[in-house]
Amino acid sequence: MAGSNEMAINLVLLGRTQTGKSAAGNSLLGSADFESRLSPNSVTTCCSLGRSCNISGITRRNGCELALRVRVLDTPGFPHSSLSKERVREAVRSALAQHFREEGLHLALLVLRADLPLCPEENEHTVQFIQELLGPTWKDFTAVLLTHADKAKEAGFSEEAYLHSVSSTLLSLLSSVQHKYVFLDNQKSINKEERAIVLQKLLNFIRQNKYQVLLFKHNTE
């Protein structure tokens with residue numbers, strides 16, 4: 001995954017438009033690599049790779065602290081205000097092959113808004129999209145990232161209370177990915193401590209999957 005004193009993880013953000021994917025990517029990287037702003041249209045129109053600086057205090061190996069490097073691939077949402085689903089799918093597929101062909105992908109983060117319900121039809125289209133990109137083992141390499149968690153908190157929901165009140169559609173999705181989920185605030189940039197907690201959770205998911213990676217090939221058709 002990296003040198004003896006380093007660990008690198010590769011992530012991709014997937015999900016519907018306006019769910020906060022780019023903002024989430026910036027929070028994970030601790031930077032402003034991706035454009036993120038309020039807009040009536042889809043903001044992200046192409047795939048973009050962001051890289052973090054070495055992050056300390058997150059993980060250890062054999063009792064020694066490792067420097068963590070995070071690579072995040074931001075992608076256009078679907079449905080998109082100006083791109084067809086086919087264009088989005090092919091752009092993401094090409095970017096996955098370009099950026100993760102050598103090292104592989106550790107985890108796809110399916111970004112959903114915690115303050116909006118997940119409807120069965122939306123879930124069906126989302127799962128189909130991920131299956132087309134990641135293949136039959138998509139469940140092993142997918143975690144749900146619930147953004148706008150600050151709005152759920154403002155409404156008086158703890159994480160446990162929130163999960164007890166969500167739709168059966170979301171519960172079924174969480175169950176299918178072995179309950180790999182993380183909450184993330186979107187109200188403001190998260191601090192180092194909050195980012196460390198989120199990254200540690202993602203690392204735990206990767207460890208549970210025995211550090212396996214998905215490999216992608218360029219489409220030669």
Checking side-chain contact (heavy atoms from CB on, under 4.5 Å) for the pair E132/W138: CA distance, chi angles, key distance, verdict?
CA-CA 9 Å; E132 292 169 353; W138 71 273; over 6 Å; no
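Taking a 4.5 Å side-chain heavy-atom cut-off between Ile, Leu, Val, Met, Phe, Trp and Tyr, the cluster of L116 contains only that residue.
Shown here is E65, whose CD atom has more than 12 heavy atoms of other residues, nucleotides or ligands within 6.0 Å. In this structure, Y181 places its OH atom where only 12 or fewer heavy-atom neighbours from other residues, nucleotides or ligands lie under 6.0 Å away. The 12-atom threshold is not exceeded at CD of E121, counting heavy atoms of other residues, nucleotides or ligands nearer than 6.0 Å. Annotation: K85, atom NZ; neighbour count of heavy atoms from other residues, nucleotides and ligands within 6.0 Å is above 12.
A heavy-atom distance below 4.5 Å is found between the side chains of L134 and F216. Side-chain contact between V72 and F34 is present, with at least one heavy-atom pair separated by less than 4.5 Å.
A distance of 8.0 Å separates CG in L133 from CZ in R89, rounded to the nearest 0.5 Å. Summarising the geometry, atom NE2 belonging to H106 is positioned 15.0 Å from atom CZ belonging to F205; distances are rounded to the nearest 0.5 Å. Rounding to the nearest 0.5 Å places CG of L173 at 6.5 Å from CG of L112. F183 CZ to T147 OG1: the interatomic distance, rounded to the nearest 0.5 Å, is 11.0 Å.
For T59 and R207, the side-chain atoms include at least one donor-acceptor pair closer than 3.5 Å.
Under the 4.0 Å criterion applied to side-chain N and carboxylate O atoms, E103 and R71 are assigned as salt-bridge partners. Contact check on K151 versus D185 returns no salt bridge, with no Lys/Arg side-chain nitrogen under 4.0 Å from an Asp/Glu carboxylate oxygen. The pair E90-R93 counts as a salt bridge, with a side-chain nitrogen and a carboxylate oxygen less than 4.0 angstrom apart.
I197 and L28 are members of different hydrophobic clusters when ILVMFWY side chains are connected at heavy-atom separations under 4.5 Å.
For T169, the side-chain contact (heavy atoms from CB on, under 4.5 Å) partners two or more places apart in sequence, or in a different chain, are L118, P120, N123, S167. Applying the side-chain hydrogen bond (donor to acceptor under 3.5 Å, both in side chains) criterion to E159, with sequence neighbours excluded, gives no partner residue.
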